[in-house]
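Please read these numbers as outputs of a predicted model, since none were measured by experiment. What's counted below: heavy atoms across the whole structure, side chains too, no hydrogens, waters or symmetry copies. Counting starts at 1 for both ligands and their atoms, following the listed order.
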Amino acid sequence: MKTEVIRVDPREPAEDAIRYAADVLLRGGLVAFPTETVYGLGALADDRSAIAAVYAAKGRPSYNPLIVHVPGADEARAIAQRWPPAAQALAQAFWPGPLTLVVPRGSTIPETLSAGLPTMAVRAPRHAVAQALLRAVGRPVAAPSANPSTQLSPTRAEHVIKGLSGRVDLILDAGACPLGIESTVVDVTREPALVLRPGSITLAELAMVTPEVATQDTRAASGVPRASPGLEAKHYAPRARLVLAPREALAEAARRAAPPLGVLARGTTTGLEVAREIVLPEDARGYASGLFAALHALDDTGCRTVLVERVPEDPQWDGVRDRLARASAA
Ligand code: TXA
Ligand code: MG
């Protein structure tokens with residue numbers, strides 16, 4: 001198939017472009033669109049063949065469930081079998097925004113969307129293009145990150161083109177996604193609610209709304225098994241091998257690593273002589289926003305090894321540390 005790319009304004013997308021994209025979706029097609037986190041690969045969430053097309057385009061294993069996107073909490077409640085009090089509270093506090101809630105799946109959403117699970121993940125994104133598209137479609141839209149399975153997530157339309165050209169009907173190009181890492185995923189079917197994937201909404205922010213909320217790690221420590229099928233260790237991986245090291249150990253790591261080398265530094269340049277160095281901002285938000293684009297760029301340079309300067313242990317960095325750990329998993 002030929003992939004069409006249409007540029008849209010990130011804040012005020014043209015109505016005709018949105019209508020056109022909505023019609024592609026309503027005909028069962030695939031449309032990649034920007035959200036505030038990463039680009040999503042959209043398809044009708046209540047249509048079995050559209051769902052199957054998403055899995056095929058990504059090469060995603062059928063056991064890894066998709067996220068449903070809706071404009072807001074009313075539309076989410078309408079497709080959920082039950083809307084727990086924690087869902088209500090969290091949606092009110094953080095929607096539209098980078099938060100995904102796992103809730104009991106209603107009967108209008110096929111079980112294939114959820115890889116057979118009785119639950120479903122749902123989110124209301126706040127990006128103006130995503131909001132306009134979802135409202136124009138008027139039906140729930142499944143949208144995993146718009147990258148081939150296990151590869152880096154896309155934060156620019158160019159990344160989607162690189163990974164999925166010829167496998168999606170249309171890409172809405174609105175430039176860079178402002179947050180840069182995927183949404184925080186919280187399972188509210190259990191009490192207390194459980195964070196399945198860290199993201200830009202931190203545990204501390206969630207705890208202000210649902211005080212008991214826990215992370216997977218603390219629960220695992222107390223003997224509760226992990227329960228998100230999509231959270232394999234290796235994910236979001238660049239082609240290059242990623243080596244994480246504190247700044248003072250980078251020079252030694254560089255001597256041992258296979259060239260060409262890339263460096264991903266934080267705050268200031270390391271001064272190492274390598275094929276390419278990218279310096280990301282010192283703060284967690286700024287760093288997250290540039291992370292995937294930096295890894296894409298280092299891959300495109302042809303680096304075989306990327307030395308990544310360790311980031312702080314602070315909870316603000318949970319989402320970034322999670323992505324770096326997965327990207328560097330062997
Ligand atoms: O920011 C985001 O969430 C982006 C944008 C496009 O919205 N989407 C995204 O989708 O990251 P995806 O498919 O790449 O990641 C969905 C995550 C996976 O880890 C999946 O396993 C988990 O959510 N998930 C989906 N449904 C689930 C369910 N019913 N129970 C537990 N985990 C679920
Ligand atoms: Mg993904």
Intermediate values then yes/no, side-chain contact (heavy atoms from CB on, under 4.5 Å), L44 and V137: CA-CA 9 Å; L44 291 178; V137 172; 3.9 Å; yes

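With a heavy-atom cut-off of 4.0 Å, S183 touches ligand 1 through backbone and side chain alike. The side chain of R60, and not its backbone, has at least one atom closer than 4.0 Å to an atom of ligand 1 (non-hydrogen atoms only; side chain from C-beta on). The residue D187 has no part lying near ligand 1, judged by heavy-atom distances below 4.0 Å. Residue contacts with ligand 1 for V102 involve side-chain atoms from C-beta outward but no N, CA, C or O (heavy atoms, distance under 4.0 Å).
Considering backbone and side-chain N/O of N64, one or more are found under 3.5 Å from N/O of ligand 1. The distance criterion of under 3.5 Å between nitrogen or oxygen atoms is not met by T35 with respect to ligand 1. Taking distance alone, with nitrogen or oxygen atoms compared against 3.5 Å, E182 stays at or beyond that limit from ligand 1. Below 3.5 Å of separation, one finds an N or O of R123 facing an N or O of ligand 1. Annotation: S145 places an N or O atom under 3.5 Å from an N or O atom of ligand 1; distance criterion only.
Ligand 1 places these atoms under 4.0 Å from at least one heavy atom of T119: 28 (C), 29 (N), 30 (N). Listed by number with element, the atoms of ligand 1 under 4.0 Å from a non-hydrogen atom of L117 are 28 (C), 29 (N), 30 (N). Shown in contact with P144 at under 4.0 Å from a heavy atom are these atoms of ligand 1, numbered in order with element: 10 (O), 12 (P), 13 (O). The L196 neighbourhood of ligand 1 comprises atoms 31 (C), 32 (N), with distances under 4.0 Å to a heavy atom of that residue. For ligand 1, the atoms lying closer than 4.0 Å to a non-hydrogen atom of H69 are 5 (C), 6 (C), 7 (O). Listed by number with element, the atoms of ligand 1 under 4.0 angstrom from any heavy atom of L66 are 25 (C), 26 (N). Residue G40 has at least one heavy-atom neighbour below 4.0 Å for each of these atoms of ligand 1: 6 (C). Close approach of ligand 1 to T37 (heavy-atom distance below 4.0 Å) involves ligand atoms 1 (O), 2 (C), 4 (C), 5 (C).
Defined by atom type and a distance below 3.5 Å, a donor-acceptor pair is present between the side-chain atoms of T270 and E277.
The shortest heavy-atom distance from P125 to ligand 1 is not under 4.0 Å. Contact annotation: R105 has no heavy atom less than 4.0 Å from any atom of ligand 1.
In this structure, H296 and H159 have parallel ring planes: the angle between them is below the 30° cut-off, well short of the 60° mark.
Checked for salt-bridge contact, R139 and E75 miss the test: no charged N lies under 4.0 Å from a carboxylate O. Looking at E309 and R247, a side-chain N of the basic residue comes within less than 4.0 Å of a carboxylate O on the acidic one, giving a salt bridge. Contact check on R310 versus E248 returns no salt bridge, with no Lys/Arg side-chain nitrogen under 4.0 Å from an Asp/Glu carboxylate oxygen. Ion pair D16/R19 not flagged as a salt bridge, since none of the NZ, NE, NH1 or NH2 atoms sits closer than 4.0 Å to an Asp/Glu carboxylate oxygen. The existence of a salt bridge linking R27 and D23 is excluded, since no basic side-chain nitrogen approaches an acidic carboxylate oxygen closer than 4.0 Å.
Residues satisfying the salt bridge (Lys or Arg N to Asp or Glu O under 4.0 Å) test with R156, not counting sequence neighbours, are E158. In this structure, H127 has no ring pair (Phe, Tyr, Trp, His ring centres under 6.0 Å) partners at least two apart in sequence or on a different chain.
No side-chain donor-acceptor contact under 3.5 Å links R266 to the backbone of V279.
Distance check for S145 against the Mg ion (ligand 2): an N/O/S atom falls below 2.8 Å.
Residues V38 and V129 do not share a hydrophobic cluster, defined by chaining ILVMFWY side chains whose heavy atoms lie under 4.5 Å apart.
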